[in-house]
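Numbering of ligands and ligand atoms starts at 1, following listing order. Residue numbers start at 1 and run along the sequence shown. Here the structure is a predicted model, which is why all the values come from computation and not from measurement.
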Amino acid sequence: MKLTGVELRRIAMPLVSPFRTSFSTQTSRDILLLRVVTDAGEGWGECVALSDPRYSPEYVDGAADALRRFLIPAIAGEGLDATQVAARLHQFKGHQMAKAALEMGVLDAELRAEGRSLARELGAVSTRVPSGVSVGIMDSIDELLDAVDGYLDEGYVRIKLKIQPGWDIEPVRAVRERFGDDVLLQVDANTAYTLRDARRLAALDAFDLLLIEQPLEEDDIVGHADLARQVQTPICLDESITSAQSAAAAIRLGATSVVNIKPGRVGGYLEARRIHDVCAANGVPVWCGGMLETGLGRAANVALAALPGFTLPGDTSGSGRYYSDDITEPFVLEEGHLAVPTGPGLGVTPREDALRERTTHTEWIAV
Ligand code: OSB
Ligand code: MG
């Protein structure tokens, strides 16, 4: 395959309701899509970088700049193959989300041209995956209970509550009291705590949570290992895991006993599969995280989540969790699950009219 060029396409996607975490409140998502054009056909990539560098060092304008200036030019020339994209981009430090988007687009183009699905290529073993939902921080416990009630009604099989100091024990207690002990429940702190909060975090042990996600800063692997000895609830790293190598190190140090795999955060779906393999070899369960993806990224996440080591429900929610009008055919829950796409490549494509309506900017990068 040979790259012809890449269209960088920015779209504005209003959220159905504000999404508040310990690091920001989002009301709309500014998303960078890549239309990768090759001599064998086109493919779509989605960059999961947020508008501001509050979750990770990347941000959407920075990702676009890295792509235009360094990453896209680096994969020009003969013999383009998705399995070699990461190696060609390795010379540039960081920028995992930008790299992941480019690899995703090349992979989609290649698989579409060959008529193979991403799920099959990655090694999927199931035809549907369970849907969990990430529930933001709210103004009141009542508002939170209403939101959780609605998600459970829709069929979500696992609830993840965003927490921060001052919004942790009470909301968890309230959800347990109202919905009972059978609900699969976990929390995500997005680095909002320090080791000095160990006793407060240990108080969550009373609520039989599946895991506590990323309580401490991303660089603090040793701190997470120390914390893991002071709390009973399993620690699950998100922000800290940026590669298969960092996953292996965190596991070896006892910093994480469950891993949230987000393809964008680790440089792509192929590295995500390697993390899955490292975790499986160590008996560490994994689940698929999310970054409020459109149907494109959602399709790829669902394919990944169908691998055998994904034994916990992921943040693989339906399109309607964030968007009233997705740019692809929406992903809809059926008995709490999403169907794994079977068509070539991602198995979904953007609807022309929806895409046009949401587009705020396009730029063609010829190589
Ligand atoms: O920490 O998992 C996270 C969204 C944006 C940035 C970070 C995170 C999240 C979520 C939502 O929790 C995941 C999703 O539903 O896509
Ligand atoms: Mg997280």
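- Atom OD2 is the N, O or S atom of D188 at the shortest distance from the Mg ion (ligand 2).
- In terms of protein heavy-atom proximity, atom 1 (O) of ligand 1 is nearest to N190 ND2, 2.7 Å.
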* To do: I would like to know whether D168 and V187 meet side chain to side chain contact (heavy atoms under 4.5 Å, CB included); could you show each step before the answer?
  => CA-CA 8 Å; D168 41 29; V187 293; over 6 Å; no
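- Annotation: S134 places an N or O atom under 3.5 Å from an N or O atom of ligand 1; distance criterion only.
- Ion pairing between a basic and an acidic side chain is recognised when a charged N comes within 4.0 Å of a carboxylate O; D139 and R20 show such pairing.
- Counting atoms of ligand 1 from 1 in the listed order, those under 4.0 Å from a heavy atom of D188 are 1 (O), 2 (O), 3 (C).
- None of the N, O or S atoms belonging to E239 lies under 2.8 Å away from the Mg ion (ligand 2).
- In this structure, atom 5 (C) of ligand 1 lies nearest to the protein heavy atom L292 CD1, 3.5 Å.
- Judged purely by distance below 3.5 Å, without hydrogens or angles, the side chains of S243 and E271 never pair a donor atom with an acceptor atom.
- Nearest non-hydrogen protein atom to atom 7 (C) of ligand 1 is K262 NZ, 3.3 Å.
- At least one N or O atom of D238, backbone or side chain, sits closer than 3.5 Å to an N or O atom of ligand 1.
- E121 places no side-chain N or O within 3.5 Å of a backbone atom of R116 that could act as its donor or acceptor partner.
- Residue contact check: F23 has heavy atoms under 4.0 Å from atoms 6 (C) of ligand 1.
- Remark: minimum distance from atom 6 (C) of ligand 1 to any protein heavy atom is reached at M291 SD, 3.5 Å.
- For the pair R112 and D108, the salt-bridge criterion is met [side-chain N within less than 4.0 Å of a carboxylate O].
- Side chains of Y55 and D238: a donor on one and an acceptor on the other come within 3.5 Å.
- Side chain of D205 to backbone of T233: a donor-acceptor contact under 3.5 angstrom is found.
- Residue-level proximity to ligand 1 for K160 is carried by the side chain, the only part with a heavy atom below 4.0 angstrom.
- Taking distance alone, with nitrogen or oxygen atoms compared against 3.5 Å, N260 stays at or beyond that limit from ligand 1.
- Smallest separation of non-hydrogen atoms from K99 and K93: NZ-C, 4.3 Å.
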* Are S140 and D142 close enough, and set up right, to give a side-chain hydrogen bond (donor to acceptor under 3.5 Å, both in side chains), and what steps lead you there? -> CA-CA 5 Å; S140 69; D142 280 347; 5.5 Å; no
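- Note: H276 and F310 have parallel aromatic rings, judged against thresholds of 30 and 60 degrees for the angle between ring planes.
- Here E213 contributes OE2 and D238 contributes OD2, and at the Mg ion (ligand 2) these two atoms make an angle of 90°, given to 10°.
- The protein atom (non-hydrogen) at minimum distance from atom 11 (C) of ligand 1 is Y322 OH, 3.4 Å.
- With R265 contributing its side chain and N260 its backbone, the two residues share a donor-acceptor pair below 3.5 Å.
- Per-residue contacts place K162 under 4.0 angstrom from the following atoms of ligand 1 (heavy atoms of the residue considered): 1 (O), 2 (O), 3 (C), 8 (C), 9 (C), 10 (C), 12 (O).
- Contacts of T21 with ligand 1, taken as heavy-atom pairs under 4.0 Å, are absent altogether.
- For atom 13 (C) of ligand 1, the closest non-hydrogen atom of the protein is G290 O, 3.2 Å.
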